[in-house]
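Taking it in order: structure first as structure tokens, then the write-up.
Since the structure is predicted, the reported quantities are computational estimates derived from the model, not experimental observations.
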Amino acid sequence: MAAKILPVLKLATKVTVAGGALYVVYDSGLLGGSEQGSDVLEKSKAAIPPAINEWMKYFGLEAQVPTLPKVEFSPVQAWNSGVRSSISALSEAPTKLGDYTNQGLQYLKDLNK
């Protein structure tokens, strides 16, 4: 009986953790626009180091938390550059495929001469 319940319990735990993570991401605004994502980044930069220090004091650990690196570019400007690159590649794919096919056929014709 326990052997049949354990896989179901493991699956329920995984689904709960994944759903909770998705809820936190959506609620914090990470799935919004670039301005909203930049605001969340600034809030997290301000909130994470004090929380780490608090937990380290709670557990009695003594360690120095490294400072956050400075971001030299604006995340707002670079937010969707990966999406733009992917869509650009997909839009050029049929033309490139035709070009490569013609080059391959020409190569095969040259080999048969």
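- Panel note: side chain T13, backbone L9; a donor-acceptor pair is recorded below 3.5 Å.
- Rounded to the nearest 0.5 angstrom, L6 CG and L11 CG are separated by 11.5 Å.
- Evaluation of the ring pair (Phe, Tyr, Trp, His ring centres under 6.0 Å) rule for Y107 yields no partner, not counting sequence neighbours.
- Relative orientation of the Y58 and W55 rings is perpendicular, given thresholds of 30° and 60° on the angle between their planes.
- In this model, a donor atom of one side chain and an acceptor atom of the other lie less than 3.5 Å apart for D110 and Q106.
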